[in-house]
Number of protein chains: 2
Amino acid sequence: MRIAELNVTPIAIADPPLLNSNGLHQPYALRTIVELVGEDGISGWGECAGGRRMLDAFEGSRQHVVGRSAFELTRLQLALTGNAPDATQHETLMGRMNPLPAARRVFSGVEVAALHLIGKSLGVPVCDLLGGRVRDRVPFSAYLFYKLAGGGGEVDDARDDEWGEALTPDGVVAQAQAMITRYGFGSVKLKAGAFPPDEEIAAMLVLRNALGPDVPLRIDPNAAWTVDTSVAVALALAETLEYLEDPTPGMAGMGEVHDRLAAEGLRMPLATNMVVTAFDDIPESLRLRAVDVILGDHHYWGGLRAVSHLGTLCHTLGLGLSMHSNSHLGISLLAMTHVAAATPHLTYACDTHYPWQHEADEILVGGKVPIVDGAVVVPSTPGLGIEIDRDALARGRERFERGGIAERDDVSEMQRRVDPAWQHIQPRW
Amino acid sequence: MRIAELNVTPIAIADPPLLNSNGLHQPYALRTIVELVGEDGISGWGECAGGRRMLDAFEGSRQHVVGRSAFELTRLQLALTGNAPDATQHETLMGRMNPLPAARRVFSGVEVAALHLIGKSLGVPVCDLLGGRVRDRVPFSAYLFYKLAGGGGEVDDARDDEWGEALTPDGVVAQAQAMITRYGFGSVKLKAGAFPPDEEIAAMLVLRNALGPDVPLRIDPNAAWTVDTSVAVALALAETLEYLEDPTPGMAGMGEVHDRLAAEGLRMPLATNMVVTAFDDIPESLRLRAVDVILGDHHYWGGLRAVSHLGTLCHTLGLGLSMHSNSHLGISLLAMTHVAAATPHLTYACDTHYPWQHEADEILVGGKVPIVDGAVVVPSTPGLGIEIDRDALARGRERFERGGIAERDDVSEMQRRVDPAWQHIQPRW
C-alpha cells in the first residue's frame, strides 16, 4: 500500500493559562496534523508537536515518505533519523520548543498516520496491529494545574473558562473534584513547580484529605527543585504519593535523589518524562538508579511500536510504565489508547491534558472523545476509530495563521501576563 | 478474523548422526506443524518443537486458540502462559526434551501461524506485520558438527549421507568447505563439546587457516567446559573467534568466565542460547555481565513479535543479537527470515541447522528454501511466502508414528550407537 500524499496541517488550539515551572501556557497550543493518503484514496491521520520548525521538518521528510509502502515503517524511521544514537537528557523538554532534532517526532506522527491508514485499509483497529488489546478501557489520570482565571484562545476564539482559577490548595482541590465529577478519574497528578514547595506540599496533603486514601496522587514539578528540596518533599509526602515525577534536573540529580531517599529508608518511585525520553537514555538511568517509572510518549519515542517495545523493556528491567502527555487533541488521545490497550505492562494510569482542550477546537467528527469513569474505551472500528472533520481542521489552521505563535514559549507568556522580570530558573527552589 | 480450526501434526524428519555435548542426534528429529484455519478458509502455518509432550500441550491450548481473533495475540499469550515470570536458566535446553513448561513454545508456534494467516488474508508478507523489512536478504552461518558416517533416517526413510564423516580437524574443514561451496556461507560455527578441548581448539585453528582471515568463526560447546577450561580456550582462540557461545553451565559460570577474561585483558564476546532464553533472564545476566550476545529464538521467546522486541532491548542495552536454531524445516527458516528482516539490530549472521535436513523431508511446495551466498531472500509474497505440501506433511507424520521416538534423547542414541557406558556430564572437561 503506497503512500500517495503527505499533507501536513499546522493548527492552534485554545489553551487555558496553566502554570508550570517554565512559565505559563500561551492562549494557544500548537499541533501538527498529519494526513497520509494511500494509493487507494484512504486517509490515515496522525498528530504531533506543532510550530514552524516541525513544519519545516515535515517538508524535509516528504521525499522519504511519499511513494513508500505504509508498512515500511522501520526503513522510514532509519531514513528519517539515521542510525545515530538518540540524543539524551532533554532537560528543557517542556515549556519551550523542543531543542532536539525533530526527525524522530516527525516519524512518530507519520507512523501513527500509517498505522491508521493500514488499519482502515485492512478493516482492523490499530491495537490489532500491535498484538491486539489486553484491556478494553485505558485508564487516564486527572492532570491538575495551577491556573490563572480565564479560558484559552483570544478574540473570536476566546473560550469560556470551564475550570476557574486555581492558585491555592483549596483551588487545586476544587479543580480535582470538578475533574473527577466530570470524567470519573481514579488517580490525580498535580503539575507543580509553580509555587514554593511548602505550598505545593500543602496542596497534596489537602488533596489527600479531600479525595480519601484510595485515589493515587502524583506530583510533577518539572525539575524545579534542587536535590535537597526533592528529598525534603519526598519525605514530607512519603505516605501521600504514588510516585514523584522529575523533581530535579538531570539524570545525575535524579540518581542522587534516589540514593538520598534510599539512605533515609524511603522507597519512593521516581518517574520521568524528562531524563529518559529515548531508548539510548536507559543504560545511564539504570547505572544511576535514576528512574523507577518511565512515562512513555509515542510522540517522542518513535511511534506506537516503539512504546510497545518500551513496555517489554520496562517489564524486563523491573521499571514501571505510564504515559506522558502534552496539550493534544483526540488523534493523539486515541493513538495513546490503542498502544496502551496493546501493552500488558502498563502499570499506571496515563497522563492526558485532554480535559484542558475545548470542545470547539476538536477536529474529530463527533467532537471530543469521551472519558468515562476515568478511561477511554478502546475502539473496535478500523484504524484509530476516528474520522476527521475537515472544516474543524481548517479552523484550526486559521487559528494557527492568525494567532501569531510560531513556537511554544511559556516564559514569554509568563512575562507578558504576570511579571515582565520573570525568568526561567532550573532548579528554582 | 476468527480462528476456526487448530490442526497439529507431529512429524519426524531424518537427521544425520551429529555429535554434541549431550550425545548424538537420533535418526529422526521431531517437529510439530501447526495449522490455523481462519473463518474464511485460509490456512496459516507454524512450526515448533516436536514430541508427545508438545502434542499434549497443544491439545491443552485448543480451548484458548479456537474461536479467538488471529490478531488477539497478546491476550492469547497471557491465556496460555499466564502472568507468571518466565522460568529461567535452562541449563539442559539441548539434547533432550525441554524440561520447561511447554506453553510458551506452544504460543510461539501458534503466533507464527497466526501471522502467516493474517499476512495471507491481507496480502502482505509477515515482515510487514513487524514494521517492514530493513534488509532484503538475511545472512545465515554455516553450522558445523562433528559427525559419524551416515545419513539420517532408517529403513525406507534412510537418506544418503550428503556430508560424510567429520571426526577430526581435517574432517571439520572439509565439511566447512563443502557447506560454503554449496550455500555460500560467510561465517562459520562449530558445535563443539564432543571432543577434548585441545582437539576442538586445533579444529578452529585449522579452520582459520583454511578459510582465511575474513570468515568469522564461532564455537559452541553447549556448556561442556569448566570455567577454567572456558578461560583457557578463550585465550587460545583470542584471535580466532567472533564470539564464544555457552562455554560453561549457568549464569554464574558465564559471569565468572567474563570476569576472568576481563582480568586477562581479553574482551571476548560471550554468547548464549542457554542461560538467557527469556526476558526474565536478562536482569541477572546484566548484573553478572554473563552475556554479550543473545541468540534469540522465536520458538523459545514467545514468537516473532517477542524477538522483534528483543532486538530493541539488545540495542538499548548494548548487547549483540543473533538467532539460535534447532533442527527445523522451512517454515521455521522463513519465520526466522521474516523477523530478522524486520529487526535493525541483528548484529551477527543467524544460526541454522537447515542444511542438515534432507530435501526429501521438506514439507513446502517446491522443496527446500534456497540459501544462496549464505542468505535467504526475504519473500515479498503474502504471509511467510510458503505453501504446504500436504502429502509431504502426511509422510512426515507417518515417519513420526513409525519412528518410535516420542521425545528427543541424544544421550540414549550415544549409548546405542557409540558407547553403552556413555553418560552426560556437564561440564565434562
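Within every chain, numbering begins at 1; the chains are lettered A, B, ... in the order of the sequence lines, protein sequences first and strands thereafter. Because the structure is predicted, anything quoted here is derived from the model rather than measured.
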Using only atom types and a distance under 3.5 Å, with no angle test, would you say the side chain of B:S108 pairs donor to acceptor with the backbone of B:H298? yes

For the aromatic rings, using the six-membered ring if either is Trp, is the centroid distance between B:H309 and B:F279 under 6.0 Å? no

For B:E111, which residues count as a side chain to side chain donor-acceptor pair (under 3.5 Å) partner, sequence neighbours excluded? B:R305

With chain B as the partner, which of A:L76, A:T343, A:L73, A:V134 has the greatest number of non-hydrogen pairs under 4.5 Å? A:V134

Can a donor-acceptor pair be found, under 3.5 Å and without considering hydrogens, that links the side chain of B:H345 to the backbone of B:L319? yes

At a 4.5 Å cut-off on heavy atoms, which part of A:S308 comes close to chain B: side chain, backbone, both, or neither? both

Does A:R104 use its side chain to pair, donor to acceptor, with the backbone of A:Y300 at less than 3.5 Å? yes

Greatest number of non-hydrogen atom pairs under 4.5 angstrom with chain A, of B:L286, B:L130, B:D128, B:V124, falls to B:D128

If we define contacts as heavy-atom pairs under 4.5 Å, which of A:L115, A:D136, A:L129 has the most with chain B? A:D136

Exactly one of B:P269, B:P216, B:S322 should register a side-chain contact (heavy atoms from CB on, under 4.5 Å) with B:E242. Which one does? B:P216

Can you list the residues that meet the salt bridge (charged side-chain N to carboxylate O under 4.0 Å, His left out) rule with B:R289, with sequence neighbours excluded? B:D259

Greatest number of non-hydrogen atom pairs under 4.5 angstrom with chain A, of B:M1, B:R135, B:R133, B:E72, falls to B:R133

Can you list the residues of residues 34-43 of chain B that sit under 4.5 Å from chain A, counting heavy atoms only? none

Those residues that, when tested against B:A70, pass side chain to side chain contact (heavy atoms under 4.5 Å, CB included) (two or more places apart): B:I3, B:A114, B:L117, B:I118

